[in-house]
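So the structure is just underneath, and the comments pick up after that.
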Amino acid sequence: MVAPSQAPVSDATVIPRVGVAVFVLNEQGHVLVGKRTGSHGAGTIALPGGHLELHESFYECAARETYEETGLVLQLPDALPPSQLLSPSSPVHSRPSRETSTLPAPASRPPTPLQFVTAQNSVYMKDQGERGDGKHYVTIFMKASVKPDPANPVAEAKIMEPNKCLGWAWVPISYLRNTANRQQELQMLQMNAASEGRSLPVSIDKLLEADSLAQALQEADETNLSPGVDSPLSPSLQNNQKLPAQHPALDQAEALAWAQADDFMRGAPLFQPLVNVLIDNPALPLA
Ligand SMILES: Nc1nc2c([nH]c(=O)n2[C@H]2C[C@H](O)[C@@H](COP(=O)(O)OP(=O)(O)OP(=O)(O)O)O2)c(=O)[nH]1
C-alpha cells in the first residue's frame, strides 16, 4: 500500500505536467485569448486550456476545457488517430466520457473539428519573484474553429470561471506573433543584462509597457490618423491607441483588430508557453 506521503505527485515544480491549450478560431480567423488570474501566469494572456486528466484524449481535454472556460462548444473529429481508437474513453466508443457527455450538442452548422497542432516543452517557467527552478509543462496545442449559427453570427466567449480568467478577446494571429517576438527580444535583453551582472530592476510587464509607450509615441509622430467623428474606434482607442503604423501591410480591418487587441491586452505579456510555441513555429498552420 502507498503511504499518503508517497502518493503520486502532481506538481509541475517537481515533475513535468501535461497541459492542453487550444487555438480557438472565429469566423474571421482570429484567435481567442484570455487574461489569466488566480494561478501561475496571473496577468498574462493565454489560450483556453487546462490540465490533461487521467485517461483523457487531447481532443476531449481541449473540448472540455474550452467549454468549461468559455461556453464554446468545439467539435471532436469523426476519425481519431489510431492510438486514440484504443482508448475506451474515445468518442468513437459507446461509453461517453464524463466530461464530453455534459457538453451541449454543437450548433447546426458544423465547426472545423479539433486538430492536433504541435507539442511544446516549456521548462524553468517562473512567475515574477517565484523561487526555485520553476515549473515544467509539456503543452499540447490543439486548434478548432467555431462557426456560430446564422441567428448568432458572432462567436461569443463567456467568462465562465471568473476566478481563472478576467476576460476573453478575439485577436489576429499576426498580432500574437508580433507580441511574442517583442516579448522574446525583451527577455533576451534581460538575460544578456543578467549575464553581464547588470540585472534590470524591471519585470517583463514593465518593459513591454515601456516598449508599447515608445511605439505609440513613435506612431503618433508618423501617423496622421486623427480620431474623427466617423472613427470606428472605441473611445478608449481613440484616446490612447494609434493604428499600428509599423505594419503597412495590414488592411484597415486588420489594423482595427490590432488596435482592439492592444486595448484588451494593455501591455500584458503572453503566457510563456504561448510565446515559446509562436517563436518556435513561425509557420504554425492555424488557418
Ligand atoms: N490555459 C492554458 N494553459 C496553458 C497554455 N499554455 C500552456 O503551457 N498551458 C499549460 C500550463 C497550464 O498551467 C496548464 C493547464 O492550464 P491552466 O493552468 O489554465 O489549467 P486550469 O487552471 O484550467 O486547471 P485545471 O482545471 O485543468 O486543473 O496548461 C495556454 O495558453 N493556456
Side-chain angles (χ1 to χ4, degrees), residues 8-25 30-72 74 97-100 102-103 114 116-128 130 132-144 157-171 173 175-177 179-180 183-184 187 204 261 264-265 268-281 284 286:
V9 179
S10 186
D11 175 345
T13 62
V14 183
I15 54 165
R17 292 196 72 186
V18 182
V20 173
V22 194
F23 288 96
V24 181
L25 301 152
H30 292 168
V31 178
L32 186 64
V33 291
K35 204 168 271 184
R36 285 176 75 82
T37 186
S39 113
H40 72 115
T44 64
I45 303 294
L47 305 173
H51 294 99
L52 188 69
E53 292 189 354
L54 190 67
H55 303 315
E56 191 175 38
S57 75
F58 298 156
Y59 303 88
E60 289 167 306
C61 181
R64 174 181 59 76
E65 286 289 351
T66 303
Y67 179 68
E68 284 174 5
E69 294 179 358
T70 71
L72 293 170
L74 302 182
S97 77
R98 177 172 57 80
E99 297 84 7
T100 51
T102 60
L103 301 182
L114 276 157
F116 171 80
V117 177
T118 189
Q120 189 74 32
N121 194 28
S122 294
V123 298
Y124 301 114
M125 276 209 297
K126 275 204 270 188
D127 284 329
Q128 186 71 16
E130 185 180 325
D133 282 340
K135 298 181 174 57
H136 180 174
Y137 269 93
V138 173
T139 310
I140 307 302
F141 285 89
M142 307 289 287
K143 73 168 180 182
K158 300 190 189 81
I159 304 172
M160 306 280 275
E161 298 177 321
N163 55 328
K164 289 186 181 177
C165 175
L166 296 176
W168 296 107
W170 299 96
V171 303
I173 184 69
Y175 179 90
L176 286 184
R177 283 192 198 293
T179 309
Q183 194 166 324
Q184 168 92 341
Q187 282 169 332
I204 194 73
F264 173 74
M265 305 242 315
L270 300 181
F271 196 27
Q272 191 59 45
L274 185 54
V275 175
N276 297 347
V277 77
L278 292 171
I279 297 284
D280 288 358
N281 303 276
L284 215 55
L286 290 178

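Worth knowing before you read on, the calculation uses all heavy atoms, side chains too, and leaves out hydrogens, waters and symmetry mates. When a ligand or atom number is given, it counts from 1 through the structure's own listing order.
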Nearest 0.5 angstrom please: Leu166 CG to Arg36 CZ, how far?
11.0 Å
Contacts under 3.5 angstrom, residues 116-124 side chains, donor-acceptor by atom type, not counting sequence neighbours:
unit_1	atom_1	unit_2	atom_2	d
Gln120	NE2	Asp280	OD2	2.8
Asn121	OD1	His136	NE2	2.6
Ser122	OG	Asn276	ND2	3.0

Distance-only, no hydrogens or angles: does the Glu69 side chain make a donor-acceptor pair with backbone N or O of Gly49 under 3.5 Å?
yes
Is a donor on one side and an acceptor on the other found under 3.5 Å between the side chain of Lys126 and the backbone of Gly132?
yes
Please tabulate, one line per pair, the protein nitrogen or oxygen atoms found under 3.5 angstrom from a nitrogen or oxygen of ligand 1, with distances to 0.1 Å, or say none if there are no such pairs.
unit_1	atom_1	unit_2	atom_2	d
ligand 1	1 (N)	Arg36	NH1	3.4
ligand 1	1 (N)	Leu47	O	3.1
ligand 1	1 (N)	Gly49	N	3.4
ligand 1	1 (N)	Gly49	O	3.4
ligand 1	8 (O)	Thr139	OG1	2.4
ligand 1	13 (O)	His40	NE2	2.6
ligand 1	13 (O)	Tyr137	OH	3.3
ligand 1	18 (O)	Arg36	NH2	2.8
ligand 1	19 (O)	Arg36	NH1	2.9
ligand 1	22 (O)	Lys164	NZ	3.4
ligand 1	23 (O)	Gly49	O	3.4
ligand 1	23 (O)	Glu69	OE2	3.2
ligand 1	23 (O)	Lys164	NZ	3.3
ligand 1	24 (O)	His51	ND1	3.3
ligand 1	26 (O)	Lys164	NZ	3.0
ligand 1	27 (O)	His51	N	2.7
ligand 1	27 (O)	His51	ND1	3.2
ligand 1	27 (O)	Glu65	OE2	3.0
ligand 1	28 (O)	His51	ND1	3.0
ligand 1	31 (O)	Leu47	N	3.0
ligand 1	32 (N)	Leu47	O	2.7

Least distance between heavy atoms, Ala46 atom then Trp168 atom:
O-CZ3, 4.4 Å
Aromatic rings Phe23 and Phe141: how do their planes relate, parallel, tilted or perpendicular, breaks at 30° and 60°?
tilted
